[in-house]
Number of protein chains: 2
Amino acid sequence: MSKIDIISIAKALNLSKSTVSRAFKENSDINPNTRSRILAYANDLNYRPNHYASNLREQKSKTIAVVVPELSNNYFTQIIEGAEQTAKEAGYHTLIFATDDNVNKEREFITSISNGKVDGVLMSVVGEREDHSYLNNIDLEKMPIVFFDRVYDDIDITKILTDDYQSSFEATEHLIDANCRDIAYLVIDKEHSIGRERYLGYRDALQKHNIPVREDLIVNCSNSYDENFETIKYFLKNKKPDAVFASVERLAFSTYYVCSDLGLNIPKDLKIVAFSSLQIAALLSPPLSTVTQPAEQIGQEAARILLKKLKNEEVEGSKQIVLKSKLIIRRSSQL
Amino acid sequence: MSKIDIISIAKALNLSKSTVSRAFKENSDINPNTRSRILAYANDLNYRPNHYASNLREQKSKTIAVVVPELSNNYFTQIIEGAEQTAKEAGYHTLIFATDDNVNKEREFITSISNGKVDGVLMSVVGEREDHSYLNNIDLEKMPIVFFDRVYDDIDITKILTDDYQSSFEATEHLIDANCRDIAYLVIDKEHSIGRERYLGYRDALQKHNIPVREDLIVNCSNSYDENFETIKYFLKNKKPDAVFASVERLAFSTYYVCSDLGLNIPKDLKIVAFSSLQIAALLSPPLSTVTQPAEQIGQEAARILLKKLKNEEVEGSKQIVLKSKLIIRRSSQL
DNA sequence: TTGTAGGCGTTATCAA
DNA sequence: TTGATAACGCCTACAA
């Protein structure tokens, strides 16, 4: 299969390469007959324009990147799905990158793609307490970024969020209504981003009902499954809370395992509500009450905004878009 | 921020652009001092070589594509995770594409990237009964493809598979051991690829134990959740099988929902085993017995093979690599 | 070790 | 409507 490009096509058809090139562009001055001749011939040869040549010439790649802390998480996957779908419809390809919760990988990736590899980026960041000053060196005009879910508050970039405060407040209030008073809050990082917002909702709900906010009921977890299991086990044995509000899905799963280990009955001995996008939460034993974020929609919305920026359209409204989560009450939190 | 490229750097440092270019290559004849001068300066400016220029020049993109039927499926996500990880380690980026079980999208995507967009492809295909002759027009020397899981048997391409026949055989035998005789087989397409292999294992296990293989216990499902729910409900009510072997995870979930709807007790009234990569299968009610494929490993292995091909290294062994699945028995299939 | 120069495959400008 | 030509930014003979 000899190399085939616009030049060889031009030769074969007795045209110039400019004409051939024009045949592949939507609105260009070209005789419809010439165009169809070219397209027919090119099609026979299965020719496609070379991406790299076009990208180099046009200074754009028709590709966006989606950066997430981890891939093995339904929530992020659904977001990617939404983003990929929206991007696809607009003719964009999607590059995926998992930072593995490591800010160095995040920086390295963003920097490495910052010279034209992608036209724009959707990102859920590693963590605000990390040094993320590298972002100041990125030319955001050239490669716009849109944050979603986990964001750097101090960076002035459009953010797609969910109403974490409000839904945490409601979830906590729901547990209070279920007669819980010693409600634990399981979190990875209560000082920043989502961990913080969700904490505030939890705290304010307690305060509204005159329940003291006890530091010893805030459980700081990690990203290690084994560690969390031990942490939570130790905690449940010692503090004997009557409810657990998990700010992140996987902490709820760990809690389920610990309860099974300790012989605790959910919801009799311990009620649970968790942020979770698990589609089969209803099939768990017992069915898990969840605050479910509109994951796919987050992905779509983030992609939509990014694509607008790429088209240099004004992005409507504020730099912060807040989508609503849903509190779905199932047996794990019922009386 | 004015444009910055090797030329501007060269000027600033009183060097030629070739020297600057060399500074970014691993093994090139360049004075270490010159190199570090250049790198330091470039780093200050946050310069990265332009991907598209290098790619065009070098005719490679350091990017692979992963093509899957759907993204909202733990199994594929884990595979992607494995592939992305392996690719990342080798300095490759990962492009994701979901075909939405539509062979036209599959063809369109593969064709569109076939001229240099990516160096190679990992793909789990839409379905063998679809017309996939487009692959004959792809230059597999230029852009190698590795299949995984769902493959086109008639295309001569390296395939990463799991021991579907064997594990289906075992799963079925396990149900027989649990005193089941009317074992249903839930499948999307029993004629092809994985659906077929799994069917054969199921069939042969029955035959080995002198249990007749009944066509009316083979349930053909679709990709629509609602349809499957009705199909399975109708089936369970009419045929009253004592066990279900689901060749695909989501069919097991549907079965769970149907049982709950019909008031059937699992495993008392109906035992279930399913192909599933759900990490929290143990938390379901009841815990689901699974045939679990080594998803992440599939992704890693597929990427590893592809990367070898890209380096023009000989790929060892056969064109078919078979990984082992694990039968994990939980309560859903116990006496 | 460094510099010169040509070309990777396109697209855009300008002229015909 | 079509053709000639000059970029896009980089890499690599080859020469110095």
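Everything numeric here is computed off the predicted structure, so don't read it as measured data. First the proteins, then the strands, lettered A, B, ... as listed; each starts at 1.
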request  = Please state how far atom CG in B/N115 lies from atom C1' in C/dC8, giving the value in whole angstrom units.
outcome  = 12 Å
task = Please step through side chain to side chain donor-acceptor pair (under 3.5 Å) for the pair B/N55 and B/K62, ending with a clear verdict.
result = CA-CA 8 Å; B/N55 293 342; B/K62 282 285 198 174; over 6 Å; no
query = D/dG9 P sits how many Å from B/R48 CZ, rounded?
reply = 18 Å
Any donor-acceptor N/O pair under 3.5 Å between D/dG3 base and A/R22 side chain = yes
inquiry  = Whole angstroms only, please: what is the CG-C1' distance between B/N14 and C/dT1?
reply    = 16 Å
key: A/Y47 side-chain N/O to C/dG9 phosphate OP1/OP2 under 4.0 Å   = no
key: Protein-nucleotide distance (B/Y52, atom OH; C/dT10, atom C1'), rounded to Å   = 14 Å
note = Among the nucleotides C/dT10, D/dT1, D/dT12, whichever has the atom closest to the side chain of B/K25 is D/dT12
query = Within the modelled atom types, does a donor on one side and an acceptor on the other bring the side chain of B/S18 and the base of C/dT4 under 3.5 Å apart?
reply = yes
remark   = 5'-most contact on DNA chain D (nearest-nucleotide basis), A/K17 vs B/K17, goes to A/K17
key: Residue closer to the 5' end of DNA chain C, B/L15 versus A/L56 (nearest nucleotide)   = B/L15
key: Parallel, tilted or perpendicular: ring planes of B/H51 versus B/H93, cut at 30 and 60 degrees   = tilted
Rounded interatomic separation in angstrom, taking CD1 from B/I38 and P from D/dC11 = 12 Å
Candidates D/dT1, C/dG9, C/dT11 - which lies nearest the side chain of A/D5 = C/dG9
inquiry  = Is it the case that the base of C/dA12 and the side chain of A/R57 share a donor-acceptor contact (distance under 3.5 Å, atom types as modelled)?
reply    = no
Options D/dG9, C/dT2, C/dG9, nucleotide nearest the side-chain atoms of B/I30 = C/dT2
key: N/O donor-acceptor pair under 3.5 Å between B/Q293 side chain and B/T162 backbone   = no
query = Under a 4.0 Å N-O cut-off, is there an ion pair linking A/D189 with A/R129?
reply = yes
request  = Among A/V118, A/V66, A/T86, A/L122, find the one that has a side-chain contact (heavy atoms from CB on, under 4.5 Å) with A/T94.
outcome  = A/V66
query = Could you state the CG-P distance from A/N33 to D/dT1, rounded to the nearest angstrom?
reply = 10 Å
task = Using only side-chain N and O atoms of B/S21, determine if any of them is under 4.0 Å from OP1 or OP2 of D/dC11.
result = yes
query = A/I7 CD1 to C/dG7 P: how many Å, rounded?
reply = 11 Å
message = Just N and O in the side chain of A/Q59: are any of them under 4.0 Å from OP1 or OP2 of D/dA7?
response = no
query = Closer than 4.0 Å, any side-chain N/O of A/S16 to the OP1 or OP2 of D/dG3?
reply = yes
task = Please report, rounded to the nearest Å, how far the C1' atom of C/dG9 is from the NZ atom of A/K11.
result = 13 Å
